[in-house]
Amino acid sequence: MNLSGAGIGGTGTHGNISAYTTSKGALATLTEALSKELEDRRIRVNAIAPGGLATGFMDPVIDTAPGLVDQSLAAIT
């Protein structure tokens, strides 16, 4: 089981996080590839993407679009 957040990428990506976004993409594609490689052995490979957490890393996102956090929370509650 891999733990990988979703939502980084597309037109909303901020600068100075290229290593972070690259590793997230790598983990997602590794999970997909292992899932295909191991399905004949009946081994499941999954990733859990819990979403964003209120950390200092998220401050630029929240500052750029403060209503986005409220919309995201409203969609899951």
Side-chain angles (χ1 to χ4, degrees):
M1 178 88 53
N2 294 320
L3 182 64
S4 174
I8 296 294
T11 59
T13 298
H14 296 276
N16 301 317
I17 59 171
S18 57
Y20 176 75
T21 57
T22 299
S23 64
K24 288 173 69 69
L27 186 59
T29 55
L30 173 64
T31 302
E32 292 172 0
L34 285 175
S35 177
K36 294 295 182 187
E37 292 173 12
L38 298 173
E39 73 182 341
D40 290 345
R41 297 182 190 177
R42 300 178 65 183
I43 298 173
R44 292 183 181 184
V45 181
N46 295 295
I48 297 174
L53 300 173
T55 64
F57 186 76
M58 288 294 292
D59 288 345
V61 175
I62 294 169
D63 292 343
T64 301
L68 183 63
V69 175
D70 295 335
Q71 292 170 9
S72 297
L73 291 175
I76 60 171
T77 57

**Asked** Where the side chain of Ser35 meets the backbone of Thr31, is there a donor-acceptor pair that is under 3.5 Å apart?
**Response** no
**Request:** Look up atom CG in Leu34 and atom CD in Glu39, then write down how far apart they are to the nearest 0.5 Å.
**Result:**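 If we round to the nearest 0.5 Å, Leu34:CG and Glu39:CD are 12.0 Å apart.
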**Request:** To the nearest 0.5 Å, tell me how far Leu27 CG sits from Thr22 OG1.
**Result:** 12.5 Å
